[in-house]
There are 2 protein chains.
Amino acid sequence: MADSYHHGNLRQALIDAGIKIINESGEDSLSLRKVAAECNVSHAAPYAHFNSKEELIDAIKSNVTDQFMEELEAAVSEVPTAEEAIIAMGRTYLTFFSRNPDYFVFLFGKQNITAHLQMNKDYKNDYPPFVLLKRMYKRYLEEMGLEKSFEEQEIDLIKIWAMVHGMASIACMKGVKTSFNWNDPDERLLV
Amino acid sequence: MADSYHHGNLRQALIDAGIKIINESGEDSLSLRKVAAECNVSHAAPYAHFNSKEELIDAIKSNVTDQFMEELEAAVSEVPTAEEAIIAMGRTYLTFFSRNPDYFVFLFGKQNITAHLQMNKDYKNDYPPFVLLKRMYKRYLEEMGLEKSFEEQEIDLIKIWAMVHGMASIACMKGVKTSFNWNDPDERLLV
DNA sequence: TCACTAACTTGACAATGTAAAGATACCTTC
DNA sequence: GAAGGTATCTTTACATTGTCAAGTTAGTGA
């Protein structure tokens with residue numbers, strides 16, 4: 001299978017090679033031809049699995065997001081209460097992206113984000129990490145015996161997400177120097 | 001001057017053409033050759049004013065940032081107290097970027113950000129909007145008669161900035177639908 | 001008037017995304 | 001097991017792009 005005409009699992013190999021290139025030299029230097037070369041196939045081979053460079057990039061993004069989700073879910077499952085879970089999510093969020101800032105730029109930098117932070121009640125077609133946060137937040141309200149309107153919930157969620165995402169954004173900017181401990185953010189996230 | 005060999009002020013014309021292209025069809029479709037064509041000069045003409053495509057893009061960024069700063073300073077000068085000024089900044093921040101989301105992606109999307117959100121005491125080589133916020137924040141502490149340590153100040157500033165920047169980030173994401181009023185964010189930004 | 005230099009053009013080249021046409025190997029169906 | 005179909009991969013080709021090198025033009029100062 002190694003040196004046969006057919007690769008075996010080229011699709012995943014292309015994704016892995018793409019991630020490798022991004023980690024080594026950034027998204028800008030990622031080209032379809034390099035990815036193909038990395039997999040020892042011809043430069044047009046990727047077109048059997050992706051219709052465009054953008055499709056490959058989207059596949060990589062969803063691969064990285066899966067990786068991110070695993071860490072988030074692990075963090076959430078380690079604590080008993082929803083309140084702690086939300087704090088743990090924020091911490092994991094910052095840890096994940098300050099560990100590899102390239103992923104932040106890669107995931108959220110360009111405009112073609114498949115992430116949808118929709119606030120509507122059905123979770124359909126939503127950004128997985130945000131779905132998780134919403135679930136934890138709902139549980140938090142229940143555990144605390146709180147009743148809030150949809151609008152109030154929306155504001156809370158945006159506040160939490162904006163705070164954490166904004167911090168990650170700052171932390172991932174080049175040249176930023178603070179004495180802030182990004183891995184242990186202020187815990188009073190919930191207002 | 002119109003059809004002469006020398007353009008007159010090609011440098012600024014290139015920047016304007018770049019902004020136009022970004023507004024019309026996004027940063028991805030911005031090429032040096034298109035910018036040159038837009039100015040009716042040969043494809044290599046830009047190299048008399050910029051050493052690379054990146055340098056042109058940086059120039060465009062600083063142009064857009066100037067525009068942004070004008071609005072921020074106007075907003076700040078319209079209110080008497082520093083507290084109101086900070087809130088006005090947040091509102092202007094969100095208004096500016098929800099008015100033209102492309103600028104947000106363009107300014108903060110890629111990694112080569114010249115913006116430096118440095119927390120050190122000297123404002124040297126700092127991101128102008130952030131310098132303004134720090135000045136307002138300092139004035140706020142004075143007006144309120146508050147005394148805070150450098151670390152506490154740092155945390156406050158990061159919180160404010162992260163909140164506003166995070167909100168703008170969410171607002172500029174494609175496909176986001178909320179009932180949140182981005183132009184009138186929650187005013188309890190200061191903890 | 002005469003260099004000198006900044007601004008611009010022309011021509012070239014390598015890297016890249018992508019399409020079209022052909023080659024190869026696997027898989028199903030008889 | 002043969003035949004045909006199809007997914008996978010290669011080869012070739014082309015337009016776009018960033019960038020460089022060499023030449024051209026025009027304004028500037030001595």
Side-chain angles (χ1 to χ4, degrees), chain A residues 1-61 63 102 105-106 109-112 114, chain B residues 1-61 63 102 105-106 109-112 114:
Chain A
M1 190 76 75
D3 51 351
S4 91
Y5 195 93
H6 283 48
H7 181 281
N9 191 5
L10 182 56
R11 192 191 139 90
Q12 188 59 42
L14 290 167
I15 292 175
D16 293 341
I19 291 178
K20 186 184 168 198
I21 290 177
I22 288 173
N23 278 328
E24 282 172 358
S25 36
E27 184 183 0
D28 285 338
S29 81
L30 181 143
S31 79
L32 274 181
R33 292 169 109 104
K34 274 188 209 160
V35 171
E38 182 80 25
C39 297
N40 297 312
V41 292
S42 76
H43 63 260
Y47 282 86
H49 301 276
F50 306 101
N51 290 317
S52 67
K53 182 184 181 183
E54 200 185 346
E55 270 195 13
L56 169 61
I57 287 183
D58 282 346
I60 296 177
K61 275 184 185 158
N63 215 273
D102 284 344
V105 172
F106 175 61
K110 289 250 176 163
Q111 59 262 62
N112 48 0
T114 48
Chain B
M1 191 77 71
D3 51 351
S4 92
Y5 196 91
H6 283 47
H7 181 280
N9 191 7
L10 182 56
R11 192 191 138 90
Q12 189 59 43
L14 290 168
I15 291 175
D16 294 340
I19 291 179
K20 187 184 168 198
I21 291 178
I22 288 173
N23 278 328
E24 281 172 357
S25 36
E27 185 184 358
D28 285 338
S29 81
L30 181 142
S31 79
L32 274 181
R33 293 171 107 103
K34 274 188 208 159
V35 171
E38 183 79 26
C39 297
N40 296 314
V41 292
S42 77
H43 64 261
Y47 281 87
H49 302 275
F50 306 100
N51 290 317
S52 66
K53 182 184 180 183
E54 201 184 346
E55 270 195 13
L56 170 60
I57 288 183
D58 282 347
I60 297 178
K61 274 183 187 161
N63 215 274
D102 283 345
V105 171
F106 175 61
K110 289 249 178 165
Q111 58 263 60
N112 47 1
T114 48

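Chain letters run A, B, ... following the sequence lines, proteins first and then strands; every chain starts at 1. Both backbone and side-chain heavy atoms feed into the values below; hydrogens, waters and symmetry mates do not. The shown structure was predicted, so the numbers you read here are calculated from the model rather than taken from an experiment.
- A close approach under 4.0 Å does not occur between any side-chain nitrogen or oxygen of A/Ser42 and OP1 or OP2 of D/dT11.
- When heavy atoms are screened at a 4.0 angstrom cut-off, B/His49 is found touching the sugar-phosphate backbone but no base atom.
- In summary, of the residues considered (A/Asn23, A/Ile19, A/Ile57), a side chain to side chain contact (heavy atoms under 4.5 Å, CB included) with A/Phe106 occurs for A/Ile57 alone.
- Separating the CG atom of B/Asp28 from the P atom of C/dT16 is a distance of 17 Å, rounded to the nearest angstrom.
- Side-chain atoms of A/His43 and base atoms of D/dT12 include a donor and an acceptor less than 3.5 Å apart.
- Between B/Ile57 atom CD1 and D/dG18 atom P the separation is 9 Å, expressed in whole Å.
- From B/Glu54, atom CD reaches atom NZ of B/Lys61 across 7.5 Å, with rounding to the nearest 0.5 Å.
- Distance CG (B/Asn40) to C1' (C/dA7): 16 Å, rounded to an integer number of Å.
- One can place CD1 of A/Ile21 at 15 Å from P of C/dA15, the figure rounded to the nearest angstrom.
- Annotation for B/Cys39 and B/Leu10: closest pair CB-CD1, 4.0 Å, computed over non-hydrogen atoms.
- Summarising the geometry, the separation between CG on B/Leu30 and P on D/dT17 is reported as 10 Å, rounded to the nearest angstrom.
- Along DNA chain C, the nucleotide nearest to A/Asn51 and the one nearest to A/Lys34 differ in position, and the one closer to the 5' end is contacted by A/Lys34.
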Task: Test side-chain contact (heavy atoms from CB on, under 4.5 Å) applied to B/Glu27 and B/Ile21, step by step - done: CA-CA 8 Å; B/Glu27 185 184 358; B/Ile21 291 178; over 6 Å; no

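- Atom CD in A/Glu38 sits roughly 13 Å away from atom P in C/dT16 (whole-Å rounding).
- The line from NZ of A/Lys20 to CD1 of A/Ile15 is 16.0 Å long, rounded to the nearest 0.5 Å.
- The phosphate of D/dT16 has neither OP1 nor OP2 within less than 4.0 Å of any side-chain N or O from B/Ser31.
- For B/Arg33 against D/dT19, a side-chain-to-base donor-acceptor contact under 3.5 Å is present.
- Here the nucleotide nearest the side chain of A/Ala45, chosen from C/dA19, D/dT17, D/dT10, is D/dT10.
- Comparing atom distances between the B/Leu32 side chain and each of C/dT18, D/dT8, D/dG18 picks out D/dG18 as nearest.
- Distances shown here put every side-chain N or O of A/Lys53 at or beyond 4.0 Å from the OP1 or OP2 atom of C/dT18.
- Rounded to an integer number of Å, the gap from OH of B/Tyr47 to P of D/dT19 is 4 Å.
- What separates CZ of A/Phe50 from P of D/dA7 is a distance of 17 Å, to the nearest Å.
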